[in-house]
Amino acid sequence: MSSNTEILAVAKRRLYGNYKPAQFVIARGQGCELYDLDDERWLDLCAGVAVCSVGHAHPSLVRVIAEQAATLMHTSNYFYNEPNILLADELCRRTKMDRAFFCNSGTEANEAILKLARHHFYGIGQPERVRIIAFDNAFHGRTMGALSLTGTPKYREGFVVPGGVTHVPYGDLPAVQKAMGPDVAAIIVEPLQGEGGVFPAPEGFLRGLRAICDASGALLLADEVQTGVGRLGRFLGIEASGVKPDAVALAKGLGGGFPIGAMLCTEALAGALPPGTHGSTFGGNPLASAAALAVLKILDDEKLMDGARTKGEHLGKLLGELVRDLPQVCEGHRGEGLLRGLVLKPGFVARDVLPKVQEAGVLLTAAGDRVLRFSPPLVVTLAELEEGVREVRAVLTELASGLTASVPAAVGAR
Ligand SMILES: *Cc1c(COP(=O)(O)O)cnc(C)c1O
């Protein structure tokens, strides 16, 4: 095996430059620990952006993937496969939805949900009903369709993104009401905005959206790509509001690291995308489906949804202490379950602080401009959360002690 430095030289020459990864190469993982090519240990409190829900190399997930790979990996959608049918049934049962379509990522799940909404109205003879209401700061993905829903202008700039989407401020029901019209097909919402900066929905917001949709006949679409599959301490984030959406997008944590996305919907929408209108070569393949089934079983067996709630509360308490003790650097904290953000004071840039945290051996991600996001594997222990926050505290204490507000973006070896 190569060392970090050798292989990084190849990466710089050969990988497309659309990312700015940390300057080490992850080689293996176990639970919440990762090791790089030089055998340096990193505490993973980001889980590959809320993906590795059951931690790295979970023995049951590894076994199921290996066994399924040795049995059947791919069939195409010309043929049924059993793991996929069982997964559809499990997901519908857990979400109270009726139908499942499978794809390979969150972006694709939202692409499907967008096509579902527009084609539903086309199919019932209301082709003028095409406009979608989405929210400022929302993140729904990077393909052209999903990008049209994404509410951060800098992600859309320069791409000639398809139109028909109105963005309004998150949490602002009067603004939604004002944006509504007979041409609106759907409202798409994250129950908690993840990428945008870990903003939970204000009290009553999701119920208000449901009421607006019911009054106008528009659909309510929940993007649960980041919040779903137990991360907030329940299977879907939206459950806490008592609201039932018309369709749901899932991905990220669903496969525990194996790529899979899903669009779930009610029976009323079952005919919106008849044969020929949508599809995916890899979507619903037996390997990804078996992985997701294994993840769901682990969630149950290890009570990880309850754990996300209780451990998340503990993390919230630790972050609260940080905010209390370091008011020069921290503005506050927010989030739910095991999706939490530490909000830095104006003038600090989360992306510039991350490398310092990495130097201390802890992996986090940024959300929005000023938020350090914690989205650890749901199997994280209290001791690991405490270790992570202790290291973050040390980094922020150093920042507070009169150092400059932003640090160089480059990460060196520790
Ligand atoms: C990450 C994310 C997406 C995009 O998912 P990909 O798997 O990267 O395509 C969409 N919506 C939300 C809410 C997300 O957090």
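Atoms within a ligand are numbered from 1 in the order they appear, just like the ligands themselves. Just the heavy atoms: all of them, side chains too, but no hydrogens, waters or symmetry mates, feed the values below.
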With a cut-off of 3.5 Å and sequence neighbours excluded, list every side-chain donor-acceptor pair involving residues 62-75.
residue, atom, partner, partner atom, Å
Q68, NE2, L72, O, 2.8
T71, OG1, E67, O, 2.6
H74, NE2, S76, N, 3.3

Quiz prompt | Minimum-distance protein heavy atom relative to atom 1 (C) of ligand 1 | solution = K252 NZ, 1.5 Å
Practice problem: Check whether any side-chain N or O of R373 sits under 3.5 Å from a backbone N or O of G341 as a donor-acceptor pair, and report yes or no. | Solution: no
Quiz item: Quick one: do E313 and K317 make a salt bridge, cutoff under 4.0 Å?
Solution: no
Quiz item: Taking the six-membered ring of F348, is NZ or CZ of R370 closer than 6.0 Å to its centre and within 45° of its axis?
Solution: no
Practice problem: For ligand 1, note which part of E190 has a heavy atom under 4.0 Å away: side chain, backbone, both or neither. | Solution: side chain
Quiz item: Just by distance, with hydrogens left out, do Q226 and E190 show a side-chain donor and acceptor under 3.5 Å apart?
Solution: no
Quiz prompt | V49 and ligand 1 - part of the residue with a heavy-atom distance under 4.0 Å | solution = neither
Self-check item: Subset of ligand 1 atoms that lie under 4.0 Å from at least one heavy atom of S105
Solution: 7 (O), 9 (O)
Quiz item: Closest non-hydrogen protein atom to atom 8 (O) of ligand 1, residue and atom name please, with distance?
Solution: T107 OG1, 4.2 Å
Quiz prompt | ligand 1 to F139 polar contact by distance, N or O atoms, under 3.5 Å | solution = yes
Self-check item: Residue pair L269 / L219, side-chain heavy-atom distance below 4.5 Å
Solution: yes
Practice problem: Within a distance under 4.0 Å of any heavy atom of N110, pick out the atoms of ligand 1 and give their elements. | Solution: 10 (C), 11 (N)
Quiz item: Please state which protein non-hydrogen atom is closest to atom 5 (O) of ligand 1 and give its distance, to 0.1 Å?
Solution: G106 CA, 3.3 Å
Quiz prompt | Nearest non-hydrogen protein atom, atom 11 (N) of ligand 1 | solution = D223 OD2, 2.7 Å
Practice problem: With the side chain counted from C-beta on, respond yes when T95 and E224 share a heavy-atom pair under 4.5 Å apart, and no when they do not. | Solution: no
Quiz item: Has ligand 1 got any nitrogen or oxygen that is less than 3.5 angstrom from a nitrogen or oxygen of V225?
Solution: no
